[in-house]
**Student:** 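Sharing a structure below in structure tokens format, with a few things to ask.
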Amino acid sequence: MTDERELPAVREDAAATVPWRGDEHRLQVQAAGEAGLAVDEVAADLYTKGFSAGMTIDDPLDGAIVARGRTVLDRLELSRSLRPVLRYLGIAPELVALEVVDGRFALRVHKKATEGSKPVFEAGKVTLQIWIGFGLLGFAAGRFMPAFVSAILWGVGLMLGAWQLRRGLTSGRAMLAARLAIGLGMLAQAEQLVLPPEGDRGPA
């Protein structure tokens, strides 16, 4: 698998996205073939968009990333099929919960899985720099200005650092969700053992 393709847009309000439809998928793939396009790539992209449409990147229940779809496999079989995808994404098995009910699956990725991503790491460094910089600035201001000036500077530094860290967490979560959608899309194209959700969201 490769992550060089453009990451799909994964929305928090996935219900507002047009759901994947099998008939439309076949028609679009057929049209792509007639136009001389690479059918496998077009199909994988359509599957990826379908999984993106059914994905929640910040579940209100526990903050998990939740990918949904349909499968002909039971939970154990699907878990084995997903191992290469999760290994490629660097998601530890203990951070994943999988549920299969009546041919529909929900893959929950714990929010801790995003904490080691590059956007979060970079945001952490910038946050530390902001806090140190404003801390030193506030300390220096306290020697030559009234005490409330230092308090204001420290407060501004704390807020800016927290905003930067939150921004990094959001970016890391969205990137992981997008890469997960790509992995599921490629798995769907390769083996046809999983498909995007169609119509409803399946198990929660």
Side-chain angles (χ1 to χ4, degrees), residues 1-20 44-71 73 75-101 103-124 162-191 193-204:
M1 288 187 293
T2 175
D3 60 355
E4 293 180 354
R5 67 178 65 196
E6 182 180 354
L7 293 177
V10 180
R11 300 179 51 173
E12 291 194 35
D13 184 11
T17 308
V18 177
W20 183 88
D45 286 342
L46 292 172
Y47 283 130
T48 296
K49 292 177 181 178
F51 283 113
S52 296
M55 188 172 294
T56 301
I57 67 172
D58 193 355
D59 194 301
L61 180 64
D62 56 5
I65 297 172
V66 186
R68 299 174 176 85
R70 294 173 294 136
T71 183
L73 305 176
R75 193 187 68 81
L76 184 59
E77 293 170 335
L78 181 57
S79 179
R80 285 197 293 262
S81 295
L82 290 173
R83 283 176 190 170
V85 175
L86 299 175
R87 189 181 306 117
Y88 166 74
L89 296 175
I91 302 174
E94 62 269 19
L95 298 179
V96 175
L98 178 63
E99 180 184 3
V100 178
V101 178
R104 297 173 295 175
F105 72 86
L107 177 66
R108 305 184 69 88
V109 180
H110 196 279
K111 60 183 179 180
K112 289 184 178 179
T114 65
E115 294 177 356
S117 62
K118 184 175 180 180
V120 177
F121 179 71
E122 294 296 331
W163 174 81
Q164 180 66 38
L165 190 58
R166 174 63 180 171
R167 182 182 179 189
L169 288 170
T170 301
S171 298
R173 179 181 294 273
M175 181 176 292
L176 180 58
R179 295 178 67 200
L180 179 58
I182 290 175
L184 290 172
M186 297 182 72
L187 182 63
Q189 170 60 20
E191 301 183 11
L193 298 177
V194 295
L195 290 174
E198 186 172 16
D200 56 29
R201 289 185 169 220

**Student:** Mark yes or no for whether Ser52, through its side chain, and Thr48, through its backbone, hold a donor-acceptor pair below 3.5 Å.
**Tutor:**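 Such a contact is found between Ser52 side chain and Thr48 backbone.
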**Student:** Apply side chain to side chain contact (heavy atoms under 4.5 Å, CB included) to Leu78 and Leu98, showing your working.
**Tutor:** CA-CA 9 Å; Leu78 181 57; Leu98 178 63; 3.9 Å; yes
**Student:** Does Arg70 use its side chain to pair, donor to acceptor, with the backbone of Pro196 at less than 3.5 Å?
**Tutor:**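 Yes.
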**Student:** Distance check, rounded to the nearest 0.5 Å: Ile57 atom CD1 versus Met55 atom CE?
**Tutor:** 9.5 Å
**Student:** Working note: Leu107 + Val66, criterion side chain to side chain contact (heavy atoms under 4.5 Å, CB included); need CA distance, chi angles, decisive distance, verdict.
**Tutor:** CA-CA 6 Å; Leu107 177 66; Val66 186; over 6 Å; no
**Student:** Do the side chains of Thr56 and Arg108 get nearer than 4.5 Å, heavy atoms only?
**Tutor:** no
**Student:** Looking at Asp62 and Lys111, is there a salt bridge between them, counting it only when a charged N and a carboxylate O are closer than 4.0 Å?
**Tutor:**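 Salt bridge: no.
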**Student:** Kindly compute the distance separating CG (Leu89) from CG (Leu176), expressed to the nearest 0.5 Å.
**Tutor:**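 These two atoms lie 6.0 Å from each other.
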**Student:** Which heavy atom of Gln189 sits nearest a heavy atom of Tyr47, and at what distance?
**Tutor:**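 Smallest interatomic distance, heavy atoms only, reads OE1-CE1, 3.5 Å.
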**Student:** Which heavy-atom pair separates Leu184 from Phe51 by the least distance, and what is that distance?
**Tutor:** O-CE1, 3.4 Å
**Student:** Over all heavy atoms of both residues, which pair between Leu73 and Ser81 is shortest? Give the atoms and the distance, please.
**Tutor:**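 Distance-wise, the nearest heavy atoms are CD1-OG, 3.6 Å.
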**Student:** Given the ring of Tyr88, does Arg83 sit roughly above its face, with NZ or CZ under 6.0 Å from the centre of the six-membered ring and within 45° of the axis?
**Tutor:** no
**Student:** If I take atom CG from residue Asp59 and atom NE2 from residue His110, how far apart are they, to the nearest 0.5 angstrom?
**Tutor:** 11.5 Å
**Student:** Rounded to the nearest 0.5 Å, how far does NZ of Lys112 lie from CD1 of Ile91?
**Tutor:**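 Here the interatomic distance stands at 15.0 Å.
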**Student:** For Phe105 and Leu195, which heavy atoms make the closest approach, and how far apart are they?
**Tutor:**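 The pair with the smallest heavy-atom distance is CE2-O, 4.3 Å.
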**Student:** Out of curiosity, Glu99 CD to Arg68 CZ, how far, rounded to the nearest 0.5 Å?
**Tutor:**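 With rounding to 0.5 Å, CD (Glu99) is 10.0 Å from CZ (Arg68).
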**Student:** State, to 0.1 Å, how close Pro197 and Gly54 come at their nearest heavy-atom pair, and which atoms those are.
**Tutor:** CG-CA, 3.8 Å
**Student:** About how many Å separate CG of Leu86 and CG of Leu180, when rounded to the nearest 0.5 Å?
**Tutor:**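 Going from the CG atom of Leu180 to the CG atom of Leu86 covers 7.0 Å.
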**Student:** For a quick check under 3.5 Å, do Thr71 and Arg104 share a side-chain donor-acceptor pair by atom type?
**Tutor:** no
